[in-house]
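To start, the structure under review is shown below, and the notes come after it.
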Amino acid sequence: VLGFGKPLRGDDGAGPAVAERLEELLQADGVTTATCLVSMQLTPELADDLSAFRRVVFVDASFELEPGKASVTQVWPRDQRAVLGHLMSPEQLLALCQGAFGNCPDAWVVALGAGEMELGETLSADVASAVERLAGRLRYCVAQWDQQDQDGVAGMDVAGAA
């Protein structure tokens, strides 16, 4: 799980907050099959890490959704020729994983609706509550993936997360 965003910009820190909370939950469960990463933005340097995984869930704040609401979209690599800049989309990062390291994990983007981008580390009440729900739902997904890996099932269901 890769939570990205700027934690010093209010709700824009929702992605890192989800990844950090999920890591706490997984550690409490003794789960060692999942990794939680935090980044301020998606950069080419992340491709090496991500290429080692079977699945990746990108978690980011979205100002297109109502605060506290979540959406899930499966994503695939975008043509590598689009990978030219330092800042990348999840699709471009996946293309770099595939092109440079020969492996592209199954991937989803979880967008968490955000409302405030004021300077500060505090999430709005709706987003803070959604972070807890979403981390709990991702905890469930990790457990399901562990059980289903032998069958090759790689879906993601975060319905009811936020």
Side-chain angles (χ1 to χ4, degrees), residues 1-27 29 31-65 70-114 117 121 123 127 130-131 134-135 137-158 161-162:
V1 175
L2 173 56
F4 65 102
K6 296 171 184 66
L8 295 176
R9 294 291 299 186
D11 288 350
D12 193 41
V18 169
E20 290 168 353
R21 180 63 181 132
L22 177 60
E23 183 172 37
E24 292 170 1
L25 294 171
L26 295 176
Q27 285 178 351
D29 293 345
V31 173
T32 60
T33 57
T35 301
C36 297
L37 303 171
V38 170
S39 183
M40 288 184 59
Q41 55 199 11
L42 300 180
T43 61
E45 296 81 8
L46 292 167
D48 186 26
D49 291 331
L50 297 184
S51 68
F53 297 107
R54 292 184 56 181
R55 298 179 187 95
V56 63
V57 178
F58 297 95
V59 184
D60 189 22
S62 171
F63 292 93
E64 296 177 12
L65 295 172
S71 71
V72 179
T73 307
Q74 189 164 9
V75 294
W76 293 269
R78 184 183 309 158
D79 187 356
Q80 265 187 281
R81 291 173 288 182
V83 181
L84 299 174
H86 187 67
L87 300 179
M88 307 179 84
S89 70
E91 296 87 353
Q92 290 170 319
L93 191 53
L94 293 172
L96 185 57
C97 288
Q98 188 171 45
F101 301 101
N103 182 49
C104 178
D106 294 333
W108 295 266
V109 172
V110 177
L112 184 55
M117 266 189 54
E121 296 181 52
L123 299 172
V127 173
V131 163
L134 184 54
R137 189 62 186 172
L138 287 169
R139 175 191 202 181
Y140 171 80
C141 288
V142 168
Q144 291 299 312
W145 286 334
D146 284 348
Q147 291 177 359
Q148 298 171 349
D149 271 346
Q150 293 178 355
D151 299 329
V153 177
M156 172 144 179
D157 177 16
V158 295

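- A pairwise comparison of heavy atoms in Leu65 and Ser71 identifies CD1-OG, 3.6 Å as the closest pair.
- Looking at Trp76 and Leu94, their side chains never come closer than 4.5 Å, going by heavy atoms from C-beta outward.
- Checking Thr43 against Glu45 by side-chain atom types alone, a donor-acceptor pair falls below 3.5 Å.
- Ring planes of Phe58 and Phe4: perpendicular class, angle over 60° (limits at 30 and 60°).
- Phe63 CZ to Asp11 CG: the interatomic distance, rounded to the nearest 0.5 Å, is 6.0 Å.
- To the nearest 0.5 Å, atoms CD (Glu24) and CZ (Arg139) are separated by 11.0 Å.
- From Cys104, atom SG reaches atom CG of Leu93 across 9.0 Å, with rounding to the nearest 0.5 Å.
- Atom CD in Glu23 sits 8.5 Å away from atom CG in Leu37 (nearest 0.5 Å).
- Two residues are said to be in side-chain contact when any heavy atoms from C-beta on lie closer than 4.5 Å; Leu138 and Val59 meet this criterion.
- A pairwise comparison of heavy atoms in Leu46 and Gln41 identifies CD1-O, 3.9 Å as the closest pair.
- With rounding to the nearest 0.5 Å, the separation of CG in Leu22 from SG in Cys141 is 9.5 Å.
- Nearest heavy atoms, Val18 versus Ala135: O-CB, 4.2 Å.
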For the pair Leu42 and Leu2, evaluate side-chain contact (heavy atoms from CB on, under 4.5 Å) and give the outcome as yes or no after the intermediate values.
CA-CA 9 Å; Leu42 300 180; Leu2 173 56; 3.5 Å; yes
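- For the pair Gln98 and Asn103, the minimum side-chain heavy-atom distance is 4.5 Å or more.
- Here the closest non-hydrogen pair linking Gln92 and Ser89 is OE1-N, 2.9 Å.
- Distance check, rounded to the nearest 0.5 Å: NZ of Lys6 to CE of Met40 gives 5.5 Å.
- When all heavy atoms of Pro105 and Phe53 are compared, the closest pair comes out as CB-O, 3.2 Å.
- Considering only heavy atoms from C-beta on, Arg54 stays 4.5 Å or farther from Asp106 through its side chain.
- Between Ala17 and Leu123, the shortest heavy-atom contact is CB-CD1, 3.9 Å.
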